[in-house]
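Below: one structure, written as structure tokens.
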Amino acid sequence: MTFSGVSYLAIVIAAVAAWLAGAGWYMMLGRSWMAALGWTPERMQAAKNEPGAYLPFIYAFVAELVMAWTLAGVLGYIGPLSLRNGVISAALCWLGFVMAAMLVNNSFARRDWRLLWIDGGHWLLVLVLMGAIIGGMGAR
């Protein structure tokens with residue numbers, strides 16, 4: 001099955017890889033992220049025990065599936081699918097859409113600038129990984 005010349009299998013693999021990469025990213029930067037949010041380890045532990053604490057993980061996967069599908073559509077219409085084109089296009093989408101929107105949101109919310117770089121770096125990793133997978137394996 002294909003969407004704009006891109007494999008649905010590539011989309012699912014890209015979403016799973018992105019979700020796992022995000023888990024690793026926040027395990028690595030979790031303390032800095034919590035500090036930038038103003039959370040303590042005790043608050044984080046309490047949040048883990050609240051009803052529905054697992055829902056953000058499900059939402060994250062669904063969102064990454066949508067992102068992978070959308071990126072596949074963009075890549076399919078831009079031109080020849082390749083690892084290089086996937087990575088470059090994903091990085092440009094990150095800069096022009098994700099990072100620009102996060103900058104505006106974080107500025108108005110007066111959030112700690114570390115959040116912009118931690119969360120923005122996560123989305124750069126996610127999109128470039130998706131672009132590489134979809135571009136690398138996505139042709140019909």
Side-chain angles (χ1 to χ4, degrees):
M1 294 190 331
T2 59
F3 168 72
S4 299
V6 179
S7 162
Y8 281 118
L9 178 61
I11 292 168
V12 171
I13 291 171
V16 169
W19 194 82
L20 292 172
W25 180 265
Y26 284 102
M27 279 194 263
M28 183 176 69
L29 296 171
R31 289 186 192 273
S32 298
W33 180 75
M34 278 193 312
L37 280 173
W39 283 25
T40 63
E42 295 79 25
R43 170 133 188 241
M44 181 60 82
Q45 191 59 41
K48 289 180 183 177
N49 297 324
E50 292 176 3
Y54 61 90
L55 288 174
F57 297 98
I58 294 170
Y59 298 154
F61 181 73
V62 171
E64 287 167 343
L65 196 56
V66 170
M67 287 177 80
W69 180 74
T70 303
L71 183 60
V74 169
L75 292 173
Y77 287 104
I78 285 177
L81 289 172
S82 70
L83 181 87
R84 181 176 185 271
N85 287 348
V87 167
I88 291 170
S89 297
L92 288 172
C93 286
W94 170 81
L95 181 63
F97 299 112
V98 175
M99 201 60 173
M102 286 180 59
L103 175 65
V104 171
N105 289 348
N106 285 2
S107 295
F108 277 103
R110 299 184 190 262
R111 292 186 185 119
D112 188 315
W113 284 98
R114 291 175 294 176
L115 287 173
L116 178 68
W117 297 112
I118 293 168
D119 294 336
H122 161 253
W123 291 117
L124 176 61
L125 172 65
V126 161
L127 279 165
V128 167
L129 185 58
M130 285 180 181
I133 292 168
I134 294 165
M137 54 175 300
R140 307 184 210 213

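The figures here come from the full heavy-atom set of this structure, side chains too, leaving out hydrogens, waters and symmetry mates.
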query: Considering all heavy atoms of both residues, which atom of G131 and which atom of L71 are nearest to each other, and what is their separation?
result: N-CD2, 3.6 Å
query: Do I88 and I78 belong together in a cluster built from hydrophobic side chains that touch within less than 4.5 Å?
result: no
task: Examine V66 and L75 and state if one hydrophobic cluster contains both, with Ile, Leu, Val, Met, Phe, Trp and Tyr joined whenever side-chain heavy atoms are less than 4.5 Å apart.
output: no
query: V87 and A132: which non-hydrogen atoms are nearest, and at how many Å?
result: CG2-CB, 3.7 Å
Contact check, side chains of S107 and W113, non-hydrogen atoms, under 4.5 Å: yes
message: Starting from W25, can I reach M34 by hopping between I/L/V/M/F/W/Y residues whose side chains sit under 4.5 Å apart?
response: yes
Cut-off 3.5 Å, no hydrogens considered: what does the side-chain donor-acceptor table look like for residues 41-65, sequence neighbours left out?
{"from": "E42", "atom 1": "OE1", "to": "T40", "atom 2": "OG1", "distance (Å)": "3.3"}
{"from": "N49", "atom 1": "ND2", "to": "Q45", "atom 2": "O", "distance (Å)": "3.3"}
{"from": "E64", "atom 1": "OE1", "to": "W19", "atom 2": "N", "distance (Å)": "3.2"}

task: Ignoring hydrogens and angles, tell me if any N or O in the side chain of N85 forms a donor-acceptor pair with the backbone of G135 under 3.5 Å.
output: no
- request: Identify whether M99 and L103 are in the same connected component of the hydrophobic contact network (ILVMFWY, side-chain heavy atoms under 4.5 Å).
  value: yes
field: I11, L9, V16 screened by side chain to side chain contact (heavy atoms under 4.5 Å, CB included) with I13, the one that passes
entry: L9
message: Applying a strict under-4.5 Å side-chain criterion to I, L, V, M, F, W and Y, I'd like to know whether L95 and V98 cluster together.
response: yes
- request: Mind listing the closest non-hydrogen atom pair of A68 and A15 along with its distance?
  value: CB-N, 4.3 Å
From L37 atom CG to R111 atom CZ, the distance as rounded to the nearest 0.5 Å: 9.0 Å
task: Quick one: name the residues clustered hydrophobically with V104, using the 4.5 Å side-chain heavy-atom rule over I, L, V, M, F, W, Y, and just say none if it's on its own.
output: F108
Pairs of donor and acceptor atoms involving the side chains of residues 114-130, under 3.5 Å and at least two apart or interchain, shall be tabulated with distances.
{"from": "R114", "atom 1": "NE", "to": "D112", "atom 2": "OD1", "distance (Å)": "3.2"}
{"from": "R114", "atom 1": "NE", "to": "D112", "atom 2": "OD2", "distance (Å)": "3.1"}
{"from": "R114", "atom 1": "NH2", "to": "D112", "atom 2": "OD2", "distance (Å)": "2.7"}
{"from": "D119", "atom 1": "OD1", "to": "Y26", "atom 2": "OH", "distance (Å)": "2.4"}
{"from": "D119", "atom 1": "OD1", "to": "W33", "atom 2": "NE1", "distance (Å)": "3.4"}

